[in-house]
Amino acid sequence: MSLDKTVASAAEAVADIPDGSLLAVGGFGLSGNPIQLIEALKDQGAKDLTIVSNNCGVDGWGLGILLGAGRISKMVSSYVGENKEFARQYLDGELEVELVPQGTLAEKLRAGGAGIPAFYTRSGVGTQVADGGLPMRYHSDGTVAKASPPKDIRSFTMGQTGEKEYALEESIVSDFALVHASMADRHGNLVFNKATRQFAPPAAMSATLCIAQVERIVEPGEIDPDQVHLPGVYVHRIVEVGPDIEKPIEKRTVRKAPAGTEGEETR
């Protein structure tokens, strides 16, 4: 692998992603969505994709672009509540959905990147997450076509907490990862911004081939090693997209301006 991991365009970066791929995609809500890579993948035409991501964007933005184009066959997610087309496809039996607790999802990705095939967690114990029965796919008539299977449950004693039950979760190793970072050097060392660090690093770690869109590329040595959030060993391709990309707000909440400040918006 060349030490210079830059590619000329988002289209070039995703050109070899085939139909049926398993993709881990960074993003937390609409923060840190690799939108240029997502749009390039839509134009590229890959279909029947399984996507692992915290959420599926919103209608017409983020992963909602691929969903609306009918390119996603399965989502593995924590939160799916802001996308009407997602709900329609799921309830009409067009989309398979595997719901995973948020922290568990991040750990499944991180563990996959660390070479850990499975782990036990308390999250989900005593619910359908562990017991099975969550609808993953519906028939068109609304009956359940596929439900989640039960997980292996074992008891462990940790510290002074006493014996408790834990559910076995298998790790995720994805074929490709798509992530957004604020800065990278040509060797692929990445720096993320705030909430983007929630899922982008573990998504990148999980992948056989990681593609990062970055706002700025610098030369090797310009990033303080102490500031690197993800080492370049996990990153295979980087494409510079610039800082002036669309960064929508998922829900803009405002309150009424205090007396005497009419005309000023207070957030």
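Atom set for the values below is all heavy atoms of this structure, side chains included, hydrogens, waters and symmetry mates excluded.
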Inset, instruction - Have a look at Leu37 and tell me which of Ile211, Val179, Val25 forms a side chain to side chain contact (heavy atoms under 4.5 Å, CB included) with it. - result: Ile211
Inset, instruction - Begin with the C-alpha distance, continue with both residues' side-chain angles, and end with the deciding distance and a verdict on side-chain contact (heavy atoms from CB on, under 4.5 Å) for Ile65 and Glu39. - result: CA-CA 7 Å; Ile65 292 172; Glu39 290 175 337; 3.9 Å; yes
Inset, instruction - Apply the test side-chain contact (heavy atoms from CB on, under 4.5 Å) to residues Leu66 and Leu63: give CA-CA distance (whole Å), side-chain angles for both, the deciding distance (0.1 Å), then the verdict. - result: CA-CA 5 Å; Leu66 291 175; Leu63 285 170; 4.0 Å; yes
Legend entry - Residue Arg197 excluded, over 12 heavy atoms near CZ under 6.0 Å: no
Inset, instruction - Measure from the side-chain N and O atoms of Glu85 to the backbone N and O of Leu67, and report whether any donor-acceptor pair falls under 3.5 Å. - result: no
Legend entry - Under 3.5 Å: donor-acceptor pair, side chain of His229, backbone of Val191: no
Legend entry - Passing candidate, side chain to side chain contact (heavy atoms under 4.5 Å, CB included) with Val214, options Thr6, Val241, Leu190: Leu190
Legend entry - Expected output: side-chain Gln213 to main-chain Gln36 donor-acceptor under 3.5 Å: yes
Inset, instruction - Identify the heavy atoms of Ser171 and Phe119 that sit nearest to each other, and give their distance. - result: OG-CD2, 4.1 Å
Legend entry - For Glu82, side chain to side chain donor-acceptor pair (under 3.5 Å) partners two or more places apart: Tyr79, Lys251
Inset, instruction - Look at the side chain of Asn33 and the backbone N and O of Ile35, then say whether any donor-acceptor pair between them is shorter than 3.5 Å. - result: no
Inset, instruction - Hey, can you tell me if Phe199 and Phe28 have their rings parallel, tilted or perpendicular (30° and 60° cut-offs)? - result: parallel
Legend entry - Contact summary for Asn189 and Gly232, nearest pair of heavy atoms: OD1-N, 2.7 Å
Inset, instruction - Identify the heavy atoms of Met205 and Leu230 that sit nearest to each other, and give their distance. - result: CG-CD1, 3.8 Å
Inset, instruction - Side-chain contact test, heavy atoms from C-beta onward, threshold under 4.5 Å: evaluate it for Gln102 versus Gln198 and give yes or no. - result: no
Inset, instruction - Would you check if there is a donor-acceptor pair between the side chains of His180 and Glu215 at a distance under 3.5 Å? - result: yes
Inset, instruction - With the side chain counted from C-beta on, respond yes when Met183 and Val218 share a heavy-atom pair under 4.5 Å apart, and no when they do not. - result: yes
Inset, instruction - Output yes when a side-chain donor or acceptor of Asp92 lies under 3.5 Å from a complementary backbone atom of Glu94, and no otherwise. - result: no
Inset, instruction - Mark yes or no for whether Glu240, through its side chain, and Ile217, through its backbone, hold a donor-acceptor pair below 3.5 Å. - result: yes
Legend entry - Asp152 (side chain) donor-acceptor with Leu168 (main chain) under 3.5 angstrom: no
Inset, instruction - Considering non-hydrogen atoms only, spot the tightest contact between Ala184 and Ile238 and give its length. - result: CB-CD1, 4.3 Å
Without placing hydrogens or testing angles, list every side-chain donor-acceptor pair under 3.5 Å for residues 42-49, not counting sequence neighbours.
from, atom 1, to, atom 2, distance (Å)
Gln44, OE1, Ala46, N, 2.7
Gln44, NE2, Val14, O, 3.0
Gln44, NE2, Ala15, O, 3.2
Gln44, NE2, Ile17, O, 2.8
Lys47, NZ, Asp19, OD2, 2.8
Asp48, OD1, Ser73, OG, 2.9

Inset, instruction - Look at the side chain of Thr127 and the backbone N and O of Val129, then say whether any donor-acceptor pair between them is shorter than 3.5 Å. - result: yes
Inset, instruction - Please report the closest heavy-atom contact between Cys56 and Ile72, naming both atoms and the distance. - result: SG-CD1, 4.3 Å
Legend entry - Heavy-atom closest contact (Ser53 atom, Gly26 atom, distance): OG-O, 4.3 Å
Legend entry - Side chain Arg186, main chain Glu219, donor-acceptor under 3.5 Å: no
Inset, instruction - Using a cut-off of 6.0 Å, state whether more than 12 heavy atoms not belonging to Glu12 lie near its atom CD. - result: yes
Inset, instruction - Anything under 30° is parallel, anything over 60° is perpendicular, the rest tilted; go ahead and classify Tyr138 against Tyr90. - result: perpendicular
Inset, instruction - Treating Ile, Leu, Val, Met, Phe, Trp and Tyr as nodes and any side-chain heavy-atom pair under 4.5 angstrom as an edge, say whether Met75 and Val80 lie in one connected cluster. - result: yes
Inset, instruction - Run the numbers on Lys108 and Glu170 for salt bridge (Lys or Arg N to Asp or Glu O under 4.0 Å), then give the verdict. - result: CA-CA 7 Å; Lys108 284 165 76 77; Glu170 295 186 7; over 6 Å; no
Inset, instruction - Run the numbers on Phe86 and Asn55 for side-chain contact (heavy atoms from CB on, under 4.5 Å), then give the verdict. - result: CA-CA 10 Å; Phe86 186 105; Asn55 60 290; over 6 Å; no
Legend entry - Main-chain N/O of Gly133 paired with Ser148 side-chain donor or acceptor, under 3.5 Å: yes
Legend entry - Partner of Glu169 under salt bridge (charged side-chain N to carboxylate O under 4.0 Å, His left out), chosen from Arg110, Arg122, Lys151: Lys151
